[in-house]
Enquirer: 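I have a structure here, written as structure tokens, and I will follow up with some questions on it.
These numbers come from the heavy atoms of this one structure, side chains and all, not from hydrogens, waters or symmetry mates.
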Amino acid sequence: MKNRLLLFLFFLSSISFAQVKLELSEPVLQGVETEIIISTTNHTALEGTLFIDGKVIEINGKDSRYKLNHVFSKESSIVFKNKKQVLEKTISPVPLWLSIIPPLLAILLALVFREVVTSLFIGIFSGALIVNLYVHDFWEGVLFAFMACIDTYILSALNDNGHLSIIVFSMLIGGMVSIISKNGGMQGIVNRISKFATTPKNGQLATWFLGVAIFFDDYANTLIVGNTMRSVTDRLKISREKLAYLVDSTAAPIASIAFITTWIGAELGYIQSGIENIEGMNESVYGTFISSLAYSFYPILALLFMLLLILKERDFGPMLKAEQKARLNTNTEGGDAFESDIISDFSPIEDVDARAFNAIIPVSVVIIGTLIGLLFTGWDTAIWSDSTMGFGRKLSTTIGAADSYQALLWSSLAGIVAAVKLSVFQKIMSLSEAVESAIQGFKTMLPAIIILILAWGLSAVIHELQTAELLTSILSDNISPYFIPTITFIMAALVAFSTGSSWGTMAILYPLMLPLAWSVCMAAGLEYDISLGIFHNTVACVLAGAVLGDHCSPISDTTILSSLASSCNHIDHVRTQMPYALIVGVTSILLGTIPAAFGFPFWLNLVMSITALYLIVHFFGKNPNITKRDNA
């Protein structure tokens, strides 16, 4: 009896001392809805009065939890009263305009320091500092902000299955590229293509086809094609500047739009960082990427423009002078021999028998495996039994619903296993050597992975501070949504030109511009299909603008590697390539991006763009084989 009495008294005391908690979602932003939660610790009925900005709310419910949303426009206080407690909190909302600082600071520092990693980290730190300075004292805020960079934002970037899948996939592809370079597979493809080079025209065509064939990695493309074809193009009196242009302007464009490349993992990660927080969009990351290809005018036109120049045997501007000079003289000067630790990562083993199938088989395994994986994970019998849907729509719907991360992981693992087996069974490398080569390939992906992680962290900061909300409020009334893709293209080109990093540009702009594009379209009241088209156009323009800026930048890694691999003077390469890149860039905006935003079909935009480029080559280009000496 005594024990029951004590238990009853304890129960009564727990009720009488029930505590009420007052919580707010952090950070509290000015002009943005904040969630306020009031709850009891022992799940008893919540009763009391809430005072907020002069508003009185009586809470007399049966639940132990009360939730409401409130917009704070200035410093305010929240008071909750009941018979036993009085809770009070003073709220200092963060001005919304401060949310632009993290991405803007990341961009400006990247322009100043020409280095992306530090810029992204400082962008994350600035966002954490803004949040913490409105909660803590100054030095406490600085300390907590610094710690939040790693334990909140970067850790949350890694604590995501999709993000981890992208990291693993990128490493596996990097390992496979390293192995098929070492075992002579890449060299075998080069040998097969280069034997058709018998004239300057054929030599340039062979270089172009080789650049397109090695589509899965821009570094491998640049280093292999440049070093392999240099002796061939010298023999055919093709200028080093033209070789560097062909190498540079096939590498990034083809790697950026092909389905299975070392770029795809990063691109999916960047796109995901931009779309994961968009409400009202029902589309997978891979589906978004596939749909955006219809708007990727610059990479496509850059490849086709080169083909026009080669087939018509014409050049203009600084490139024409370089080609005319090369036809008169054997061009063996222009740059230092390419000596770098990087090239050793893509050089075949000494005296290896170069067999093309050692590269073709693993790459085919990855391509076919990815397609099978996409169909397997996205298969829906109801879709394929629907007679009203065409094959193309069924296929795109299936791929859009597929788990692209699983498909990429499965296929990349199968690809690297195939590369190891081919190398070991032919006794090209021992198992330990093949594994060491794969690990070396993993290392080459480390810089990209670091940028990815920091980009995801900055994306979390941008989302937390509601940067897209600010930009939407500014631009929705001042800029037509139809011109957002063009603005995005120009911004991406400028950032990439200044930083020399297309990946860094994508890391900065994808989380910023994708939510902005969607929000502005929604604010303008556009129909869903029209908004989706502009959104896909914006996705493509971040990538396309980044590649254009990369081509024009003298500090771009691929531009530098193209000069070195081709043994071309670097400034000469930049000087001769930039006019071509800018012409294609302007054409892609005027006849591709802008008309596409207004609903023009892809095929019509492509026809108009190719026609314009053809006319430019035809009327402004001259045959470098007809030299000044011939005219004399």
Enquirer: May I ask you to check whether over 12 heavy atoms, not counting those of Phe620, lie within 6.0 Å of atom CZ?
Expert: no
Enquirer: Using a 3.5 Å distance criterion without hydrogens, assess whether the side chain of Thr250 forms a donor-acceptor pair with backbone atoms of Val247.
Expert: yes
Enquirer: Just checking, any donor-acceptor pair under 3.5 angstrom between side chains of Ser239 and Glu323?
Expert: yes
Enquirer: Give a yes-or-no answer on whether the side chains of Tyr153 and Glu464 include a donor-acceptor pair shorter than 3.5 Å.
Expert: yes
Enquirer: Is there a donor-acceptor pair closer than 3.5 Å between any side-chain N or O of Arg327 and the backbone N or O of Lys237?
Expert: yes
Enquirer: Just how far is it from atom CG of Leu590 to atom CE of Met608, taken to the nearest 0.5 Å?
Expert: 10.0 Å
Enquirer: Minimum heavy-atom separation for Ile484 and Ala517, please, with both atom names.
Expert: CG2-CB, 4.0 Å
Enquirer: Which pair of non-hydrogen atoms, one from Pro481 and one from Ile534, has the smallest distance, and what is that distance?
Expert: O-CG2, 3.5 Å
Enquirer: Report yes or no: does Ser553 contribute a side-chain atom to a donor-acceptor pair with the main-chain N or O of Phe497 at less than 3.5 Å?
Expert: yes
Enquirer: Search all heavy atoms of Ala106 against all heavy atoms of Gly123 and return the closest pair with its distance.
Expert: CB-CA, 4.5 Å
Enquirer: Under 4.5 Å between any side-chain heavy atoms of Leu304 and Ile610, yes or no?
Expert: yes
Enquirer: Is Arg240 paired with Asp572 through a side-chain N to carboxylate O contact shorter than 4.0 Å?
Expert: no
Enquirer: Is it the case that Asn605 and Tyr295 place a side-chain donor and acceptor less than 3.5 Å from each other?
Expert: no
Enquirer: For the residue pair Ser249 / Gln577, report whether a side-chain donor-acceptor contact shorter than 3.5 Å exists.
Expert: yes
Enquirer: Counting distance only, does the side-chain N/O of Ser519 pair as donor-acceptor with the main-chain N or O of Leu516 below 3.5 Å?
Expert: no
Enquirer: Quick one, Leu465 with Ile100, criterion side-chain contact (heavy atoms from CB on, under 4.5 Å). Give me CA distance, side-chain angles, the key distance, then yes/no.
Expert: CA-CA 8 Å; Leu465 292 176; Ile100 195 63; over 6 Å; no
Enquirer: Are more than 12 heavy atoms from other residues, nucleotides or ligands located less than 6.0 Å from atom NZ of Lys622?
Expert: no
Enquirer: Are the side chain of Ser588 and the backbone N or O of Gly585 linked by a donor-acceptor pair below 3.5 Å?
Expert: yes
Enquirer: Between CE of Met319 and CE of Met578, what distance do you get to the nearest 0.5 Å?
Expert: 12.0 Å
Enquirer: Going from SG on Cys552 to CG on Leu582, what distance comes out if it is rounded to the nearest 0.5 angstrom?
Expert: 4.0 Å
Enquirer: How far apart are the closest heavy atoms of Ala302 and Val584, and which atoms are they?
Expert: N-CG1, 3.7 Å
Enquirer: Between atom CG of Leu105 and atom CG of Leu129, what is the distance when rounded to the nearest 0.5 Å?
Expert: 10.5 Å
Enquirer: Taking atom types as modelled, is there a side-chain donor on Thr538 or Thr488 under 3.5 Å from an acceptor on the other?
Expert: no
Enquirer: What verdict does the ring-ring contact (aromatic ring centres under 6.0 Å, His included) test give for Tyr298 and Phe305, after you've listed the backbone C-alpha separation in whole Å, the side-chain angles of each residue and the deciding distance to 0.1 Å?
Expert: CA-CA 10 Å; Tyr298 178 77; Phe305 182 66; 10.0 Å; no
Enquirer: Would you say the side-chain atoms of Ser566 pair up with the backbone N or O of Cys568, donor to acceptor, closer than 3.5 Å?
Expert: no
Enquirer: Treating Thr559 as the side-chain partner and Asp550 as the backbone partner, does any N or O pair qualify as donor plus acceptor under 3.5 Å?
Expert: yes
Enquirer: With rounding to the nearest 0.5 angstrom, report the CD to CG distance, Gln272 to Asp160.
Expert: 5.5 Å
Enquirer: With no hydrogens and no angle check, is any side-chain donor or acceptor of Asn537 less than 3.5 Å from a backbone partner on Thr593?
Expert: yes
Enquirer: Looking at His573 and Asn569, would you say the former's side chain and the latter's main chain have a donor-acceptor pair under 3.5 Å?
Expert: no
Enquirer: To the nearest 0.5 Å, what is the distance between CD1 on Ile167 and CG on Leu158?
Expert: 5.5 Å
Enquirer: Could you check whether any side-chain N or O of Ser178 sits under 3.5 Å from a backbone N or O of Ser437, counting only pairs where one atom can act as donor and the other as acceptor?
Expert: yes
